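Because only heavy atoms are used, hydrogens play no part in the values below, and waters and symmetry mates are left out as well, while side chains stay in. From a predicted model like this one, the values you see are computed outputs, not experimental measurements.
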Amino acid sequence: MTLTKEQFKYIYALTNKVNPVDFDCGTICAKACCNQPGDLGIYLLPGEEQLIENVSWLTFERHRAYEYDFPPSWRGKQVIFAKCSGACQRHLRPIQCRTFPAAPHIHAGKLYLIRETLELPYHCPLLECTLKREYLHNLHQAWKLLIRAPLIKDLVAWDSRNRMERNVTISVIYRT
């Protein structure tokens, strides 16, 4: 089961209601996450392409999930890799962009939001900011809906297990 276009629209609306901070973080770092040379980009969640397939500032590539770090349930699936031109329209940015610097994490069957643990090739000022409680609440609600889709839940659980196996320091920033 993948989420419908209407469900993704609702999730986008929910996460568009409030920004993580009171300023456009891209003004501090010159949009470092969007303006990186090379292969930096993000993967869309299954079904998300329904909402942003005609966005001109994103370029898309189709990859085979088994060639990358995706859970076994994704084998045989194609994943869509998106790269930003740096001219994003914030209300249409993909889930992975609107989630950052938080990340969904499942532990003992519960969903948490943690501070992102990925190593980045740039400095993100949001990693050092206190994020708005309302933003985190809406984001948590969005991820609760997203993980109803089995492939998305498998991905969050996979990433969570990988963090635990690598003994990555996890900083919980939102729990219910």
Engineer: Taking atom NE2 of H140 as the centre, does the number of heavy atoms from other residues, nucleotides or ligands within less than 6.0 Å exceed 12?
Structural biologist: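 Yes - once you tally the heavy atoms of other residues, nucleotides and ligands closer than 6.0 Å, there are more than 12.
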Engineer: I'd like to know if the side chain of W74 reaches the main chain of L151, judged simply by a donor and an acceptor atom lying under 3.5 Å from each other, with no hydrogens or angles considered.
Structural biologist: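 Here the side-chain-to-backbone pair exists.
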Engineer: Of all the heavy-atom pairs spanning I95 and E48, show the shortest one and how long it is.
Structural biologist: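 That closest heavy-atom pairing would be N-OE2, 2.6 Å.
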Engineer: Can you tell me if K153 has over 12 outside heavy atoms packed within less than 6.0 Å of its NZ?
Structural biologist: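 No.
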Engineer: Let me confirm one number: the CG-CG distance from L3 to L45, rounded to the nearest 0.5 Å.
Structural biologist: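 CG of L45 is found 8.5 Å from CG of L3.
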Engineer: Search all heavy atoms of F100 against all heavy atoms of Y135 and return the closest pair with its distance.
Structural biologist: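 It is O-OH, 3.5 Å.
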Engineer: Go through the side-chain N and O atoms of W158 and S73 and say whether any donor and acceptor fall under 3.5 Å apart.
Structural biologist: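 S73 and W158 do not have a side-chain donor-acceptor pair below 3.5 Å.
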Engineer: In terms of the angle between their ring planes, are Y112 and H107 parallel, tilted or perpendicular, with boundaries placed at 30° and 60°?
Structural biologist: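 Geometry flag for H107 against Y112: tilted rings.
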Engineer: Measure across K144 and R148 and return the closest heavy-atom pair with its distance rounded to 0.1 Å.
Structural biologist: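 So the minimum-distance heavy-atom pair works out to O-CG, 3.6 Å.
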Engineer: For the CG atom of L136 and the CD1 atom of I173, what is their distance to the nearest 0.5 Å?
Structural biologist: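 It comes to 5.0 Å.
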Engineer: For F60 versus V55, what's the shortest heavy-atom pair and its separation?
Structural biologist: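 In terms of heavy atoms, the two residues are closest at CE1-O, 4.3 Å.
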Engineer: Identify whether the distance between the nearest side-chain nitrogen and carboxylate oxygen of E134 and K17 falls below 4.0 Å.
Structural biologist: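 No, this pair does not count.
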Engineer: Less than 3.5 Å apart, any donor N or O on the side chain of H91 or Y12 sitting next to an acceptor on the other?
Structural biologist: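 On atom types as modelled, these side chains do not qualify, holding no pair under 3.5 Å.
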Engineer: Between the main-chain N or O of F70 and the side-chain N or O of R75, is there a donor-acceptor pair closer than 3.5 Å?
Structural biologist: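 Yes, because the side chain of R75 sits within donor-acceptor range (under 3.5 Å) of the backbone of F70.
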Engineer: Mind listing the closest non-hydrogen atom pair of L58 and C84 along with its distance?
Structural biologist: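 In terms of heavy atoms, the two residues are closest at CD2-CA, 3.8 Å.
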Engineer: Listed by chain and number, what are the side chain to side chain donor-acceptor pair (under 3.5 Å) partners of D159, not counting sequence neighbours?
Structural biologist: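 Testing D159 for side chain to side chain donor-acceptor pair (under 3.5 Å), a comparison that skips the adjacent residues, returns none.
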Engineer: Sequence neighbours excluded, which residues qualify as salt bridge (Lys or Arg N to Asp or Glu O under 4.0 Å) partners of K5?
Structural biologist: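 Partners of K5 under the salt bridge (Lys or Arg N to Asp or Glu O under 4.0 Å) test: none.
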Engineer: Is there side-chain contact between I152 and W143, with at least one heavy-atom pair below 4.5 Å?
Structural biologist: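 Yes. Closest side-chain heavy atoms under 4.5 Å.
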